[in-house]
Amino acid sequence: TTVPVVSNIKSTTAIVQTGYYTGSTATTVTLEYGPTTSYGSQAALATNSTPNVTAGGNATLTGLLPATTYHVRVKAVNAQGTAYGQDAAFTTITPPVLELALPNGITSSSATLNGTVVSGNTTAFSFRFEWGLTTAYGSTVNATLLTSNSLSATISGLVPSTTYHYRLVATDGTTTIVTEDGSLVSGSPPVPPVLDEACSAYSITPTAATLWINSVSAPATVISLPRAWMSAPGTAVSITRNSSSEAPRTPTIATLAGT
């Protein structure tokens with residue numbers, strides 16, 4: 001028999017491939033494995049009734065313990081006796097330890113979920129966030145693993161002022177790791193500013209002017225200006241709001257030239 005080759009090692013499973021020579025009579029081949037060289041468990045490989053041929057087989061080992069070293073060898077039995085192959089050892093994958101981090105970028109319709117891989121394997125596992133209105137979640141989004149072992153994903157389509165639940169999930173196909181539940185409240189919808197009728201300009205040049213617009217109820221950052229101020233109606237410009245109690249400047253009525 002040949003030395004077993006172990007592949008596709010995960011946290012609780014592995015695939016073992018090996019070759020053997022049948023001898024002159026029908027040969028039954030099994031795989032012995034366990035945490036020591038005493039083995040203790042067996043998996044069937046093949047029964048070959050063709051004499052004097054070189055053959056091969058593979059077996060999938062299941063029910064293994066994560067982060068554990070196992071030994072494996074081939075056992076061949078026929079009328080002439082019993083033969084054992086060489087020992088090979090492999091170690092199952094260590095699952096990641098996950099933690100949630102605070103979400104950021106929360107708006108009325110989206111948010112960025114964050115988490116961290118504290119320890120364990122990252123290359124054999126995929127990561128995702130599950131999220132929804134309850135702890136049943138219902139929606140998933142793949143998480144991006146950064147070089148610092150941090151994870152993030154942006155969720156969208158949120159309803160304003162609504163509580164959402166989320167958790168971080170890692171899986172290698174055989175083992176699934178989940179964090180505790182986290183929650184966030186989406187932002188309130190934007191409040192349109194209430195403007196009074198005072199709209200003035202100063203520092204006027206042939207092609208530009210500084211506008212003063214008094215915002216009564218809410219901070220305003222973008223205002224659409226009427227045709228009197230710009231060459232095209234509805235043109236949006238950024239404005240800076242000072243204190244809410246500050247009175248508007250004395251209006252100076254002028255049409256921007258050169259626009």
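The structure displayed is predicted, hence computed values, not measured ones.
With Ser186 contributing its side chain and Ser161 its backbone, the two residues share a donor-acceptor pair below 3.5 Å. Listed for the Asn114 side chain is a donor-acceptor partner under 3.5 Å among the backbone atoms of Leu102. Side chain of Thr13 to backbone of Lys10: no donor-acceptor contact under 3.5 angstrom is found. Thr68 places a side-chain N or O within donor-acceptor distance of the main-chain N or O of Pro66, the cut-off being under 3.5 Å. Counting only distance, with no hydrogens or angles, the side chain of Thr179 and the backbone of Leu168 share a donor-acceptor pair below 3.5 Å. Remark: side-chain polar atoms of Asp172 are paired, donor with acceptor, to backbone N or O of Ser11 under 3.5 angstrom.
Taking every heavy atom of both residues into account, Gly85 and Arg73 meet most closely at O-CB, 3.8 Å. The shortest non-hydrogen separation linking Thr135 to His165 is CG2-ND1, 3.8 Å.
Looking at Ser150 and Thr116, their side chains never bring a donor and an acceptor atom within 3.5 Å of each other.
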Full working for side chain to side chain contact (heavy atoms under 4.5 Å, CB included) between Leu146 and Leu151
CA-CA 6 Å; Leu146 306 177; Leu151 296 152; over 6 Å; no
Stepwise side chain to side chain contact (heavy atoms under 4.5 Å, CB included) test for Leu184 and Leu113:
CA-CA 9 Å; Leu184 63 87; Leu113 307 180; 3.6 Å; yes
Take Ser152 and Thr112 through the side chain to side chain contact (heavy atoms under 4.5 Å, CB included) test and state the conclusion after the steps.
CA-CA 7 Å; Ser152 68; Thr112 298; 4.2 Å; yes
Show the numbers, then the answer: is there a side chain to side chain contact (heavy atoms under 4.5 Å, CB included) between Thr176 and Phe125?
CA-CA 9 Å; Thr176 299; Phe125 281 77; over 6 Å; no
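Counting heavy atoms of neighbouring residues, nucleotides and ligands inside a 6.0 Å radius, atom CD of Gln42 exceeds 12 of them.
For the atom pair OH of Tyr164 and CG of Leu158, the computed distance is 4.5 Å after rounding to the nearest 0.5 Å. The OG1 atom of Thr144 sits 9.5 Å away from atom CZ of Phe129, with the distance rounded to the nearest 0.5 Å. From Tyr39, atom OH reaches atom NE2 of His71 across 7.5 Å, with rounding to the nearest 0.5 Å. Interatomic distance, Asn8 CG to Leu61 CG, rounded to the nearest 0.5 Å: 11.0 Å.
Taking the ring-ring contact (aromatic ring centres under 6.0 Å, His included) definition, one finds that Tyr70 meets it with Phe90, sequence neighbours left out. Take Glu130 and apply the salt bridge (charged side-chain N to carboxylate O under 4.0 Å, His left out) test, not counting sequence neighbours, and it matches Arg128, Arg167. Every side chain to side chain contact (heavy atoms under 4.5 Å, CB included) that Val77 has, sequence neighbours left out, goes to Lys75, Thr82.
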